[in-house]
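Just below is one structure, and these are the notes that go with it.
The analysis underlying the following values was restricted to heavy atoms, covering all of them including side chains, and did not include hydrogens, waters or symmetry mates. Numbering of residues begins at 1 and proceeds along the displayed sequence.
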Amino acid sequence: MDVDELFGLALERFIPERTALARSLRGEGRRDEAAEVAATRKPSVAAWAVNQLVRTQGRAVKELFAAGDALRAAQEQVVRGEGDGGGLRSAAERERAVVDELVAAARGLLSSEGHGLSEAVLTRVSDTLNAAALDEAAREQVREGRLERELRYVGFGGGLGAGGAPVGPTAKPRRQPAPKPPPHKTKTEAQGKAKAQTAKPDPGAKQRREQERRERQRAERERAAEVKAARTAEGETRRAAERARRALEVAEERRDKAAQALDQAELEVQQARAELDASGEAHRRAVSALERLRN
């Protein structure tokens, strides 16, 4: 067995087989290789699931990479002004369909406890597959089938999908028809206008104008207050989201360190057990030799 084969095993067999492989290499005098094997991290559940998909769903994985290339090309065309929203949406739907197909296959995998993968793990599997489709560096990691931790794509186009609003060419504004000239006024209308101009001013008009002005000012103040409240809420939620993101990163880092420490501790336990067995056997041989000498 080699390191590559470790990543194809059931998750619960990873550490025992890694320990056995490292011990075998040390026994052969290949200490550098043994140290490299011992330092290999046990995959997270999501990364392990992706590794199994790469090893068992070769056709779908190739289709995923092809769909990702097509989506990136459609995005670049839109940015250059050469594509349209329809082509971009179609490419995004194709990529999402392949991701969904692979996630459906991952639902058939069982965790080390013998349970199906949780929705949270399947979401991380989906994120990793999406990253492999759209990012070349992520794709190379996934392609090897030796992924240790799940990936996430944060580049351009992550929010587009079947229901997303495609980016299309800007529509030209419609030309408004020229206003029609006013109809010819009759003599009666002209006389009515002249009579209105000579009429006495409405004493309530000034009050109505003042009332309208106050209402406009009140509406403007209310609008400004709403905008201020919305900006405050946006800032608070953005800061809360940033704090949550940082907390998640810290938690994930702690989890990874804990997992690595656990792996190292398990390796040390295996080594200590082997040394105990060897020293016990040596002690039994010494006792046997002593008894023969006494007799």
Side-chain angles (χ1 to χ4, degrees), residues 1-25 32-62 64-65 68 98-154 248-271:
M1 178 177 292
D2 57 19
V3 176
D4 185 69
E5 292 177 283
L6 289 176
F7 289 90
L9 298 173
L11 195 56
E12 66 273 13
R13 293 181 54 196
F14 185 91
I15 291 178
E17 294 294 342
R18 183 192 61 186
T19 301
L21 178 59
R23 184 187 301 120
S24 174
L25 291 171
D32 290 342
E33 295 178 51
E36 182 179 352
V37 169
T40 303
R41 298 167 67 186
K42 178 182 177 181
S44 66
V45 178
W48 171 80
V50 172
N51 291 337
Q52 308 317 303
L53 293 175
V54 170
R55 293 164 186 269
T56 62
Q57 307 293 321
R59 180 201 60 78
V61 170
K62 288 181 181 179
L64 173 70
F65 296 158
V98 182
V99 170
D100 289 345
E101 178 185 348
L102 285 166
V103 171
R107 289 184 183 276
L109 298 172
L110 298 179
S111 67
S112 56
E113 292 80 15
H115 304 301
L117 304 186
S118 68
E119 290 301 320
V121 169
L122 290 172
T123 297
R124 292 194 285 271
V125 170
S126 176
D127 290 342
T128 302
L129 294 172
N130 185 60
L134 299 176
D135 183 81
E136 193 62 37
R139 181 179 299 185
E140 287 305 312
Q141 294 182 60
V142 170
R143 195 198 307 269
E144 294 177 357
R146 293 176 52 174
L147 196 63
E148 296 179 350
R149 290 294 177 268
E150 57 268 22
L151 306 173
R152 184 183 305 162
Y153 180 67
V154 294
L248 174 61
E249 290 177 351
V250 171
E252 289 179 339
E253 183 178 357
R254 288 176 178 173
R255 179 201 62 189
D256 293 346
K257 288 182 179 178
Q260 187 172 6
L262 177 61
D263 292 349
Q264 183 61 32
E266 290 178 345
L267 175 61
E268 291 174 358
V269 167
Q270 296 285 345
Q271 292 172 342

Original post:
How far does CH2 of Trp48 sit from CD of Glu12, to the nearest 0.5 angstrom?
Top reply: 7.5 Å

**OP:** Grab the two heavy atoms, one from Leu64 and one from Val99, that are nearest each other, plus how far apart they are.
**Re:** CD1-CG2, 3.6 Å

Subject >> Close side-chain approach of Glu17 and Glu5, heavy atoms under 4.5 Å >> reply: no

Original post:
How many angstroms lie between NZ in Lys42 and CZ in Arg13, if you round to the nearest 0.5 Å?
Top reply: 13.0 Å

Original post:
What pairs of residues pass the side-chain hydrogen bond (donor to acceptor under 3.5 Å, both in side chains) test when at least one of them lies in residues 98-109, not counting sequence neighbours?
Top reply: Arg59-Glu101, Arg107-Glu119

**OP:** Mind listing the closest non-hydrogen atom pair of Gln52 and Leu9 along with its distance?
**Re:** NE2-O, 4.2 Å

Subject >> Least distance between heavy atoms, Val125 atom then Val103 atom >> reply: CG1-CG2, 4.5 Å

**OP:** Using ring-ring contact (aromatic ring centres under 6.0 Å, His included) as the criterion, list what pairs up with Phe65, not counting sequence neighbours.
**Re:** none

**OP:** Nearest 0.5 Å please: distance from the CG atom of Asn130 over to the CG atom of Leu102.
**Re:** 11.5 Å

Subject >> Whether over 12 other heavy atoms sit under 6.0 Å from Glu136 CD >> reply: yes

Original post:
Atom CG in Asp2, atom CD in Glu33: separation rounded to 0.5 Å?
Top reply: 10.5 Å

Original post:
Just by distance, do the side chain of Ser24 and the backbone of Ala20 share a donor-acceptor pair under 3.5 Å?
Top reply: no

Subject >> Spacing of CZ belonging to Arg146 relative to CZ belonging to Arg55, to within rounding of 0.5 Å >> reply: 8.5 Å

**OP:** Quick one: closest heavy-atom pair of Thr128 and Leu151, and the distance?
**Re:** OG1-N, 3.0 Å

**OP:** State the CG-CG distance between Asp4 and Asn51, to the nearest 0.5 angstrom.
**Re:** 9.5 Å

**OP:** Only counting residues at least two apart or in another chain, list the ones meeting side chain to side chain contact (heavy atoms under 4.5 Å, CB included) with Ala137.
**Re:** Asp135

Subject >> Side chain Ser126, main chain Leu122, donor-acceptor under 3.5 Å >> reply: no

Original post:
What closest approach, in Å, do Ala47 and Leu147 show between heavy atoms, and which atom pair accounts for it?
Top reply: CB-O, 3.6 Å

Original post:
Is any side-chain heavy atom of Phe7 less than 4.5 Å from a side-chain heavy atom of Glu144?
Top reply: no

Subject >> Closest contact, heavy atoms only, Ala132 versus Arg139 >> reply: O-NE, 3.0 Å

